[in-house]
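The structure appears below as structure tokens.
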Amino acid sequence: STVYHLFYTWCFFFDRNDGDDNKQLWDRRTCLHSDIHSAEELVQRCDRGIIRKLWEKDRSDIDADALNDWLYDGDGEHRQYIEEMIRSVAISVTPTAGPAG
């Protein structure tokens with residue numbers, strides 16, 4: 001379950017240098033992304049991945065309270081963190097408008 005969760009929240013780097021384009025990801029050498037240096041960074045990347053999945057499915061509005069309930073059992077200390085993560089994901093996945101003209 002943990003490996004599945006890490007896979008779907010983009011925590012792994014899969015080596016694609018073996019020249020076999022038909023090889024499945026799970027059959028390739030795997031490691032955590034190089035920007036993950038601590039347990040806290042791993043949790044943040046997972047949280048961000050979950051929020052990104054939700055954003056891609058329904059961009060209208062992610063309920064920060066419901067998400068905080070799900071991820072952190074409603075811990076009030078995480079509420080602002082969840083809101084900031086939602087804003088950050090929204091900014092990073094929303095295409096910017098090109099110059100007018």
Side-chain angles (χ1 to χ4, degrees):
S1 176
T2 301
V3 171
Y4 179 84
H5 185 78
L6 295 174
F7 175 79
Y8 281 101
T9 55
W10 302 280
C11 291
F12 291 131
F13 169 79
F14 294 92
D15 185 3
R16 296 173 192 253
N17 292 324
D18 61 10
D20 184 357
D21 292 336
N22 294 321
K23 189 183 264 189
Q24 296 294 319
L25 285 177
W26 291 114
D27 294 330
R28 296 176 183 273
R29 290 186 60 142
T30 306
C31 61
L32 288 176
H33 270 279
S34 60
D35 62 347
I36 300 172
H37 298 60
S38 68
E40 182 178 337
E41 290 174 348
L42 180 63
V43 169
Q44 287 175 353
R45 189 167 183 117
C46 286
D47 289 349
R48 185 175 182 78
I50 290 168
I51 293 168
R52 182 174 169 186
K53 291 279 188 188
L54 292 170
W55 185 263
E56 289 171 351
K57 181 162 179 61
D58 182 15
R59 294 179 183 182
S60 61
D61 191 28
I62 297 175
D63 186 332
D65 288 321
L67 189 56
N68 189 47
D69 285 346
W70 180 45
L71 294 175
Y72 293 102
D73 294 326
D75 182 352
E77 292 183 17
H78 286 94
R79 178 64 168 73
Q80 183 176 355
Y81 161 77
I82 293 295
E83 284 183 346
E84 290 169 4
M85 290 292 278
I86 292 170
R87 278 193 296 277
S88 173
V89 168
I91 289 168
S92 70
V93 298
T94 302
T96 57

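- Between atom CG of residue Asp63 and atom CD1 of residue Ile86 there is a gap of 8.0 Å, rounded to the nearest 0.5 Å.
- Between Leu32 atom CG and His37 atom NE2 the span is 10.5 Å, to the nearest 0.5 Å.
- Scanning for side chain to side chain donor-acceptor pair (under 3.5 Å) contacts around Glu40 gives Gln44, with sequence neighbours left out.
- Among residues two or more places apart in sequence or in another chain, the side chain to side chain contact (heavy atoms under 4.5 Å, CB included) test is passed with His5 by Thr9, Cys46, Ile50.
- Put simply, the side chain of Ile36 reaches to within 4.5 Å of the side chain of Arg45, judged on heavy atoms.
- Residues Lys53 and Trp10 share a closest heavy-atom pair of CE-CH2, 3.7 Å.
- Here the side chain of Asp75 pairs no donor or acceptor atom with the backbone of Asn68 at under 3.5 angstrom.
- Atom CG of residue Asp35 and atom CZ of residue Phe13 lie 12.0 Å apart, to the nearest 0.5 angstrom.
- In this structure, CG in Leu67 is found 9.5 Å from CZ in Arg79, a value given to the nearest 0.5 Å.
- In this structure, CZ in Arg29 is found 13.0 Å from CZ in Phe14, a value given to the nearest 0.5 Å.
- Looking at residues two or more places apart in sequence or on another chain, you find no side chain to side chain donor-acceptor pair (under 3.5 Å) involving Thr30.
- Annotation: side chain to side chain donor-acceptor pair (under 3.5 Å) contacts of Asp47 (sequence neighbours excluded): Tyr72, Tyr81.
- Take Asn17 and apply the side chain to side chain contact (heavy atoms under 4.5 Å, CB included) test, not counting sequence neighbours, and it matches Asp15.
- Between Cys11 and Leu42, the shortest heavy-atom contact is SG-CD1, 3.8 Å.
- Under the side chain to side chain contact (heavy atoms under 4.5 Å, CB included) criterion, Thr2 pairs with Leu6, sequence neighbours left out.
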